[in-house]
Amino acid sequence: MIVTRIELVDYRNYVTAAFDLTPGITAVVGRNGQGKTNFAEALGYLSTLDSFRGAPAEALIRAGADAAVIRATVRHDDGRELSIEAELSRSGRNRVLVNRQKLPRTRDLLGVVRVSVFSPDDLALVKEGPSERRRFLDDTLVALALKYDAMRLELDRVVKQRNTLLKQAAGRLDEASETTLDVWDAKYAELGDRFGQARAVLIARLGPIVQEAYEHLAGVVTPVELRYEPVWRTLGLAAALAAARHDDVRRGVSTVGPHRDDVELVINGMPARTHASQGEQRTLALSLRLGAHRFVTEHTGSAPVLILDDVLSELDDGRATALLHHLPPGQVVLTSASALPPAARPDAVVRIEAGASAAEGSGTGPWQGPVGDTVTGDG
Amino acid sequence: MAAYTTPVQVLIDELGRLPGIGPKSAQRIAFHLLKVPADDVARLAHALTEAKAKVRFCARCWNIADDELCPICADERRDPTTVCVVEEARDIVAIERTGEFRGRYHVLLGAMSPLEGIGPEQLKVKELFARIEPEGITEVILCTNPNTEGEVTAMYLARMLQPFGVRITRIASGLPVGGDLEYADELTLGRALEGRRDLSA
């Protein structure tokens with residue numbers, strides 16, 4: 001699947017802009033603060049209905065405008081073309097149209113446009129807390145099969161309900177609330193065991209792919225491990241919840257279950273979070289994204305659009321070159337504020353200036369990479 | 001923000017509190033009401049107060065009724081041994097339209113949801129248990145919604161009904177009749193596969 005055209009209206013710093021993308025590598029260049037990441041974010045939004053920067057929906061609407069519109073033309077591998085339009089409104093009433101037909105729910109768009117985003121923020125995958133890694137795992141599951149989106153939402157809801165119940169109990173349960181809690185536990189156990197199993201299977205399959213990606217980037221053989229071994233899974237969630245009940249009631253919050261899971265990242269036998277260098281951490285974060293992208297491509301039989309948002313500048317020359325040499329097949333959009341390394345051979349260049357795309361690639365900006373077919377925008 | 005004279009704004013605000021009515025619709029309805037003859041408005045106002053004053057809950061099943069019992073509970077021909085448990089009275093209307101069910105109902109007036117402060121005590125659960133023996137109920141069909149809260153409510157009732165020794169069933173979930181497989185969402189289709197029926201016999 002590839003995206004052939006993107007139009008933005010009142011999105012972030014864009015008033016109106018249009019970009020044509022090539023099936024190969026499109027380089028999006030321009031100085032800092034011109035809107036390169038905003039462009040990448042808009043593309044990512046169509047795939048997850050969420051900003052990869054974690055920004056709330058209002059932040060995506062240009063100041064002073066009531067609604068932002070992202071339009072895209074998508075071509076599937078079988079040649080089928082779809083036009084997609086997503087409108088984000090300040091009132092929270094978002095609409096999504098596919099081929100001018102309004103989708104019943106905006107979430108029905110998931111799976112139509114598939115995008116993998118690599119960004120400098122990915123470092124958080126290695127450095128920050130477990131929630132970042134859970135999100136990574138779960139986003140990957142959703143990219144593999146949409147049923148995981150509904151499952152994840154239901155799981156969140158059950159945990160929220162259970163926590164509210166525990167809070168209401170205020171430290172002690174009478175017999176009636178005990179039975180009510182039993183039922184929520186049963187529901188949580190049923191969903192949680194299935195979701196935990198899905199995460200475990202994903203981690204097992206992802207491990208070797210991430211290892212390989214890491215070696216390609218780093219150029220040396222380095223043992224990398226992903227460990228997903230939550231204690232509750234050895235007991236089964238029902239038993240784990242029963243064992244933790246006393247504690248849960250006392251603390252008024254759910255202390256065990258998939259909502260607290262973590263994936264331990266290990267390099268050379270040591271936890272990457274505390275023992276790896278900054279460079280190793282960046283490489284590992286990138287390897288996780290690359291691994292997930294490859295796995296999703298293999299599993300679904302079609303490559304998502306790969307966005308490298310300002311990633312090259314974060315890597316040393318060797319790793320940047322290695323990344324470019326090992327780019328998986330499929331459409332790639334890479335943004336950069338500085339000169340592209342020689343290994344980047346874009347098929348097209350889009351230059352962005354103050355929320356508009358410019359027609360040529362020569363300008364006075366700092367970008368000095370090779371120019372392929374130059375792309376015209378009509379911003 | 002308040003661009004209208006107070007009575008109009010009050011009307012818009014009140015209408016906007018109704019379910020499914022957003023600010024725009026509330027405004028449209030308010031202006032419609034201001035335009036139509038006073039008689040029409042009076043008739044609507046009367047219908048509202050009348051309905052509120054006369055309609056009450058069925059003493060047996062908590063359906064909406066205009067008498068002690070709702071028309072279904074009052075109907076002698078209905079099978080008293082089978083009771084269908086639903087969340088809201090409007091669910092009864094949906095099931096009645098099928099013409100498939102000849103038993104009685106029990107309306108819970110909601111589903112368990114701690115987030116909304118609803119536990120079994122807030123629902124007509126005790127009232128259900130109290131009906132089992134006197135009415136000679138032998139089967140309880142749990143027809144709560146197939147969402148998280150509805151499922152949990154059904155699980156709770158199934159547990160609590162165990163000691164009564166009645167048959168407890170849960171309404172099946174699956175594909176809409178007359179629909180196409182390809183348009184079914186994955187969750188529904190998955191459920192439908194789980195609940196498949198054997199045709200080999």
Side-chain angles (χ1 to χ4, degrees), chain A residues 66 89-93 101 103-105 107-111 141-142 144-170 173-192 194 198 238 252-254, chain B residues 1 16 20-27 85 108 110-123 125-126 128-129 142 144-164 168 170 173 176 179 182-194:
Chain A
D66 285 334
S89 129
R90 260 189 220 289
S91 68
R93 289 198 181 176
Q101 295 284 311
L103 297 184
R105 298 169 307 163
R107 291 202 86 71
D108 292 333
L109 184 65
L110 293 178
L141 284 174
V142 174
L144 290 169
L146 281 179
K147 66 175 176 189
Y148 292 114
D149 182 56
M151 221 182 190
R152 158 157 84 168
L153 292 175
E154 192 174 10
L155 208 55
D156 282 352
R157 179 135 185 109
V158 171
V159 172
K160 224 180 258 166
Q161 292 277 25
R162 189 176 187 271
N163 284 344
T164 311
L165 193 61
L166 290 168
K167 214 166 287 156
Q168 283 163 1
L173 281 181
D174 53 36
E175 206 180 320
S177 345
E178 194 95 37
T179 318
T180 307
L181 187 56
D182 282 347
V183 180
W184 284 104
D185 281 10
K187 186 77 195 164
Y188 189 32
E190 174 201 324
L191 285 166
R194 271 161 60 203
V253 67
S254 302
Chain B
M1 279 295 281
I21 308 285
K24 285 262 167 68
S25 303
Q27 196 173 311
V85 179
L108 295 170
M112 283 162 68
S113 173
L115 283 168
E116 294 161 83
I118 304 176
E121 316 77 51
Q122 281 72 38
L123 301 171
V125 166
K126 274 200 216 72
L128 170 65
F129 302 154
L142 301 172
T144 49
N145 289 327
N147 55 25
T148 312
E149 290 74 18
E151 291 286 350
V152 166
T153 307
M155 281 161 75
Y156 176 83
L157 291 176
R159 266 177 209 216
M160 299 299 282
L161 285 167
Q162 225 51 255
F164 290 92
I168 306 160
R170 174 87 174 111
S173 49
E182 63 167 324
Y183 295 125
D185 68 280
E186 294 193 333
L187 221 63
T188 306
L189 197 48
R191 284 276 196 90
L193 272 173
E194 258 170 42

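Just so we're on the same page: letters track the sequence lines, and every chain starts at 1. Scope of the values below: all heavy atoms of this structure, side chains included, with no hydrogens, waters or symmetry mates. Since the model is a prediction, treat every value here as computed from it, not as a measurement.
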Please look at [X] and chain B and tell me whether the side chain, the backbone, both or neither of the residue comes under 4.5 angstrom of a heavy atom of that chain.
X        : value
A/Gln168 : side chain
A/Arg93  : side chain
A/Ala150 : side chain

Which distance, rounded to the nearest 0.5 Å, do you find between the [atom1] of [X] and the [atom2] of [Y]?
X        : Y        : atom1 : atom2 : result
A/Thr180 : B/Tyr156 : OG1   : OH    : 5.0 Å
A/Arg157 : B/Glu149 : CZ    : CD    : 4.0 Å
A/Lys147 : B/Thr188 : NZ    : OG1   : 13.5 Å

Report the option among A/Thr164, A/Asp182, A/Val158 that has the most heavy-atom pairs separated by less than 4.5 Å from atoms of chain B.
-> A/Thr164
May I ask you to test the B/Thr148-A/Trp184 pair for a side-chain heavy-atom distance under 4.5 Å?
-> yes
Closest heavy-atom contact between A/Val183 and B/Arg159?
-> CG2-CD, 4.2 Å
Comparing B/Gly119, B/Gly190, B/Pro120, B/Ser113 against chain A, the one with the most heavy-atom pairs below 4.5 Å turns out to be B/Ser113
Assess whether atom CD of B/Glu121 is packed by more than 12 heavy atoms of other residues, nucleotides or ligands within 6.0 Å.
-> yes
Donor-acceptor pair, B/Glu151 side chain versus A/Lys187 backbone, under 3.5 Å?
-> no
